[in-house]
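Each remark here refers to the structure printed beneath this line.
Predicted model only: the values in this text are computed from it and were never measured. Just so you know, ligand 1 is whichever comes first in the structure, and atom 1 is the first atom listed for that ligand.
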Amino acid sequence: MQNRRATAIGSANIALIKYWGNRDPVLRLPSNSSLSMNLAALTTTTTVEFRADLAEDVVKIDDAEARGSAHDRVVAHLDRVRALSNINTKASVLSHNNFPAGTGLASSASAFAALTVAACVAAGLRLATDELSRLARHGSGSACRSVPGGFVLWDACDKDACSFGRTMAPADHWDLRDVVAIIESAHKATGSTEGHALADTSPFQATRVATTPARLERCKDALLSRDFPALADVIEKDALMMHAVMMTSTPSLLYWRPATLAMVQAVRAWRKDGLPVAFTIDAGPNVHCICPAGAAPEVESLIRSFPGVERVLTSGVGDPTTTLLDSPRI
Ligand code: PMV
């Protein structure tokens, strides 16, 4: 086989209705449906080249050679693509994040979305978006929501074939912003793969899963009708439900720092004073402040001067993962 190369750019996503826990951890079939928005400003760009001269896969993430589980997860994903395309050639993978990895900013979602699309194109596979999303899910669950664009729904279903993300509304449906307060940019202690495995040890997980469909419907309605107060109410509730499960798992996962709680309280106070802003938090201490674009400058300036905030990143709603025509040489 000749060398084949492709580059893809994928954006991270922030879940408005969270995915936490798997009904099948190997296939990454989620315990509940989730809904997210892609984040245009937080991207991973990945080049994959299948090369006949390589004896092993070579993986570089942010200019450093990947080792341990990060390396093994990429190789396992390349193996999935090789199995589908019937090729045996090893690959070189060069991946670059434009935001700090391991901060609860879902770098695995943009990473596996970009890796899936780049590897499939490089391998000569021509897959539809649903298929690419399904494949990305095997690398990291939430990556399936970064393959299509805009506001994305990942329906819980108990089979591999029907578990993928679909666009519910395109990026231009509602000009929302995610103003992310980075409270700590160090790598998190417990990653989401291990975290999902603990979800069922919390007595609250069954209740969270059982009540997710109602929150999902409210979130969909709020998004489709661009009703910010309704959106704020449901996304905050859903994030708190997930963190209640995390905190009460065995062992307990407590991702929050004092500044996380201080900001949660501040966001509620700002909203009470008339500023349209709501919080959501992933598996980390950082607070994602969701607001309409018009409110973003004020939200940003409030957050910038907030004690304990290291850095602020703002993103609009992102498009699907796409290939770049001009793939750099590795
Ligand atoms: O895709 P994973 O395994 O990194 O899990 C993501 C989990 C959360 O970010 C906490 C929630 C979500 O739905 O994105």
- Message: If you apply the rule salt bridge (charged side-chain N to carboxylate O under 4.0 Å, His left out), what do you find for Arg177 with Glu300, and how did you get there?
- Response: CA-CA 10 Å; Arg177 294 283 187 275; Glu300 276 174 18; over 6 Å; no

Give yes or no for whether the N/O distance cutoff of 3.5 Å, strictly under, is met between [X] and ligand 1.
| X | answer |
| --- | --- |
| Ser192 | yes |
| Ser34 | no |
| Asn13 | no |
| Thr193 | no |

At a 4.0 Å threshold, what atoms of ligand 1 neighbour a non-hydrogen atom of [X]?
| X | result |
| --- | --- |
| Ala15 | 12 (C), 13 (O), 14 (O) |
| Ser142 | 1 (O), 2 (P), 4 (O), 6 (C), 14 (O) |
| Ala283 | 10 (C) |
| Ser108 | 4 (O) |
| Met242 | 10 (C) |
| Gly141 | 1 (O) |

- Task: Please work out which of Asp282, Ile17, Asp238 has its closest non-hydrogen atom nearest to atom 9 (O) of ligand 1.
- Result: Asp282

- Nearest neighbour of atom 3 (O) of ligand 1 from the list Glu194, Arg137, Arg145, His196, on a heavy-atom basis: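 Nearest option to atom 3 (O) of ligand 1, by heavy atoms: His196.
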
- Is there a salt bridge (charged side-chain N to carboxylate O under 4.0 Å, His left out) between Lys18 and Asp238 once you walk through the steps? CA-CA 7 Å; Lys18 306 292 187 188; Asp238 192 80; over 6 Å; no

- Measure the distances from the heavy atoms of Ser140 to every atom of ligand 1 and state whether one is below 4.0 angstrom.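 It does; at least one heavy atom falls under 4.0 Å.
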
- Do Phe112 and His77 have ring centres separated by under 6.0 Å? yes

- Candidate list Val299, Val277, Leu302, Thr280, test side-chain contact (heavy atoms from CB on, under 4.5 Å), partner Val267, passing option: Val277

- Item | Whether over 12 other heavy atoms sit under 6.0 Å from Asp63 CG | no

- Item | Over all atoms of both residues, closest heavy-atom pair of Trp154 and Tyr19 | CZ3-CD2, 3.5 Å

- Answer with yes or no whether the side chains of Ser315 and Asp178 bring together a donor and an acceptor at under 3.5 Å.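 Note: Asp178 and Ser315 side chains miss the donor-acceptor criterion.
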
- Message: Does either side chain, that of Arg28 or that of Asn22, offer a donor lying less than 3.5 Å from an acceptor on the other one?
- Response: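 Short answer, no.
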
